[in-house]
Amino acid sequence: MSDNKEIKTDAGIVINELYTQAPPMNEKPGHFPYTRGVHTAMYRDKMWTMRQYAGFSTAEESNKRYHFLLGQGVNGLSVAFDLPTQIGYDSDHAMSEGEVGKVGVAIDSLEDMELLFKDIQLKDISTSMTINATAFILLAFYIALAKKQGADLKKISGTIQNDILKEYAARGTYIYPPTQSMRLITDIFEYCSKEVPKWNTISISGYHIREAGSNAVQELAFTLANGKAYLQAAITKGLDINVFAQRLSFFFNAHNNIFEEVAKFRAARRMWAHITQSLGATDPKAQMLRFHTQTGGSTLTAPQPKNNIVRVTLQALSAVLGGTQSLHTNGYDEALSLPTEEAASIALRTQQIIAFESGATDTVDPLAGSFYVENLTNEVESAAQKLLDRIDAMGGAVKAIEQHFIQDEIARSAYAYNKAIEDNSKVIVGVNKFASPETSKTPVFRIDDSIRQVQSLKLKALREKRNNEQASACLAAIKTAAMTTDNLMPHVIAAVESLCTLGEISDTLRNVWGEYKG
């Protein structure tokens, strides 16, 4: 053996210089515990859904980008919402000033949703919406629009993120206290299992946990802990795990260490299968962990931004080798601004080249049997399980968040990572090594501040033309339901169909439940 220094992953897993054997592996793809994939033939039967995350400015402007992406070969849309939409404020609210249309599209009403999907039939596409605290309202907009288009609600498909626990732990776009937020989520589970059965009612997100600074092991452990909390909440509500668990999906990050990421994805499936089984799931589809992946936004660098094309390619490849069901690739310019059309096109072409030119899709779980990958899968699982056991001992994810355990663990990891970059023990090409003076200017995408005025005028016109008496009655019905155990979703759908706004519905519940201050 050489005298090389010890090498560890960012998660602290020691990497051997040489692996000479692998743990016994007799598992098959499509069979419990699904380490090797949730489908027997994986991409030989069906390619992953190629999504591009997009949304900015007004619904009209975002609609143009969606038509561009669909024309480029995207087969699933992924909607980014602006900050006011995410935290339940209409565009004309004082809290919205300076943020309307900036990090996503502004959606205030059903009319905005109609403009967002103009000339796009919801029955023909799968839509993912990255929305949490107001997920129930955006889902109501989507369902109301599908009804207006004449779509069969039993057949429309898509996903709402709807993962509020990671907002308390890592991201911060929560509105209501945890107990009431969990009630909204289980109401969605219950409603969709009956009325919109193909809809994925939650995308349990490790992505934002990783973006906040966690390592791969923490991302896995904290995400599965949150998933376990959602399972237990739904079971407590009386829902059948074999029904609702089939509509749960996950959303993971993909960073630059290909092998650690592949190990994370494989371990995630195995761990989730055992978690669901331990809580009573017997249907294979309720035991399967299906996931969407997005390449790591926090890994993108502003210096030498075209280096990010290579980073995104490596990250996307890790997701494919790890068996993702859906993938978004970031634009190379996203450390500078929202992606330009050129960057979005290159990001999509990256997926298509991996899919059709790399050979990565020709066989199932191509890294299976690798001494390194099989050992690393077990190491990642073991480290994540230790964290899960600690969280279980605290009483579960909600208690661990309330005790700040998860937040503190993420903060420590983020500090260690950034310190390693600063002392050059972790190399970031173009930043702390191989840096060079910038000689070219990458074009950036800018959002006009006049968007708020445009949205405010639309809201004024909407409130003048709608039946305000009917709208008020719908908001009153939501208030009454919030004070009982009545499922809120039918009342919210009725309200959006009566042109109640996102802010009005959010405020109705604020007045009943209050706001969580953290």
Side-chain angles (χ1 to χ4, degrees), residues 1-29 33-37 206 210 213-224 252-274 289 293 296 299 310-311 313-324 358-360 363-390 409 412-421 423-429 432-433:
M1 299 292 283
S2 71
D3 293 327
N4 290 342
K5 67 176 182 178
E6 184 178 69
I7 293 176
K8 296 181 180 180
T9 70
D10 290 335
I13 294 172
V14 176
I15 303 302
N16 296 343
E17 182 176 349
L18 179 67
Y19 291 84
T20 58
Q21 60 182 8
M25 165 58 87
N26 299 314
E27 297 174 13
K28 294 181 180 179
Y34 311 104
T35 309
R36 301 195 60 193
R210 192 69 173 276
S214 78
N215 58 47
V217 166
Q218 291 170 328
E219 177 192 359
L220 175 57
F222 300 155
T223 305
L224 294 187
F252 286 115
N253 211 312
H255 274 219
N256 292 327
N257 188 324
I258 288 180
F259 301 105
E260 185 175 43
E261 294 303 298
V262 171
K264 178 187 74 180
F265 298 135
R266 297 173 90 245
R269 281 191 292 269
R270 187 156 67 202
M271 294 176 74
W272 186 246
H274 287 295
L289 183 146
T293 310
T299 69
V310 181
R311 293 186 176 100
T313 303
L314 293 173
Q315 294 163 8
L317 182 60
S318 76
V320 172
L321 294 174
T324 192
S358 72
T363 189
V364 180
D365 193 20
L367 294 183
S370 156
F371 295 163
Y372 179 31
V373 170
E374 296 297 355
N375 278 286
L376 191 55
T377 299
N378 285 1
E379 291 271 9
V380 168
E381 179 181 13
S382 176
Q385 188 61 53
K386 288 176 182 176
L387 277 174
L388 263 177
D389 291 343
R390 290 182 68 184
E409 287 290 303
R412 275 192 286 270
S413 175
Y415 175 78
Y417 182 85
N418 284 289
K419 186 173 182 294
I421 294 172
D423 65 21
N424 295 323
S425 58
K426 179 161 188 71
V427 173
I428 305 295
V429 173
N432 62 359
K433 196 167 187 178

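For Gly206 against Thr223, the heavy-atom pair with the smallest separation is CA-OG1, 2.9 Å. Looking at every heavy atom in both residues, Glu261 comes nearest to Ala216 through OE2-CB, 4.0 Å. The two atoms that bring Glu260 and Ala11 nearest to each other are OE2-CB, 3.3 Å, heavy atoms only. Scanning all heavy atoms of the two residues, the minimum distance from Ala268 to Leu220 falls at CB-CD1, 3.4 Å. For the pair Ala360 and Val320, the tightest heavy-atom approach, listed with the atom from each and the gap, is CB-CG1, 4.2 Å. The two residues Ala22 and Ser370 make their nearest non-hydrogen contact at CB-O, 4.4 Å.
Atom OG1 of Thr324 is separated from atom CZ of Phe252 by 9.5 Å, given to the nearest 0.5 angstrom. Rounded to the nearest 0.5 Å, atoms OG (Ser318) and CZ (Phe265) are 5.0 Å apart. Atom NZ in Lys264 sits 4.5 Å away from atom CZ in Arg210 (nearest 0.5 Å). One finds the CE atom of Met271 at 4.5 Å from the CG atom of Leu388 (value rounded to the nearest 0.5 Å). To the nearest 0.5 angstrom, Ile13 atom CD1 is 6.0 Å from Glu379 atom CD. Expressed to the nearest 0.5 Å, how far CG of Asp10 lies from NE2 of His255 amounts to 9.0 Å.
The pair Arg266-Glu381 does not count as a salt bridge, with every side-chain nitrogen at least 4.0 angstrom from each carboxylate oxygen.
The ring-ring contact (aromatic ring centres under 6.0 Å, His included) test applied to Tyr34 returns no partner, not counting sequence neighbours. With sequence neighbours left out, Lys433 forms a salt bridge (Lys or Arg N to Asp or Glu O under 4.0 Å) with no residue at all. Remark: Phe371 pairs with no residue by the ring-ring contact (aromatic ring centres under 6.0 Å, His included) rule, at least two apart or across chains.
Counting heavy atoms from C-beta on, the side chains of Arg311 and Val429 come closer than 4.5 Å. For the pair Arg36/Met25, a side-chain contact is recorded, criterion being any heavy-atom separation below 4.5 Å from C-beta on. Inter-residue side-chain proximity for Leu387 and Glu409 is flagged as met; some heavy-atom pair is nearer than 4.5 Å. Residues Asp365 and Pro29 have side chains not in contact (no heavy-atom distance under 4.5 Å, counting atoms from C-beta outward).
The residue from Asn253, Thr299, Asn257, Val310 that alone fulfils the side-chain contact (heavy atoms from CB on, under 4.5 Å) condition with Gln315 is Thr299.
Within the 3.5 Å criterion, the main-chain N or O of Gln21 finds a donor-acceptor partner in the side chain of Asn375. Side chain of Asn432 to main chain of Ile421: a donor-acceptor pair is present (N/O by atom type, distance under 3.5 Å, no hydrogens or angles). Using a distance-only test at 3.5 Å, with no hydrogens or angles considered, no donor-acceptor pair links the side chain of Thr35 to the main chain of Arg270. For the pair Gln218 (side chain) and Asn215 (backbone), a donor-acceptor distance under 3.5 Å is present.
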Evaluate the side-chain contact (heavy atoms from CB on, under 4.5 Å) criterion for residues Ile15 and Tyr372: first the C-alpha distance (whole Å), next the side-chain angles of each, then the deciding distance (0.1 Å), finally the verdict. CA-CA 9 Å; Ile15 303 302; Tyr372 179 31; 3.6 Å; yes
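Sparse packing is recorded around OH of Tyr415, with 12 or fewer heavy atoms of other residues, nucleotides or ligands lying under 6.0 Å away. More than 12 heavy atoms of other residues, nucleotides or ligands lie within 6.0 Å of OH in Tyr417, so this atom counts as buried by the packing criterion.
Between the side chains of Glu374 and Asn378, no donor-acceptor pair of N or O atoms lies under 3.5 Å.
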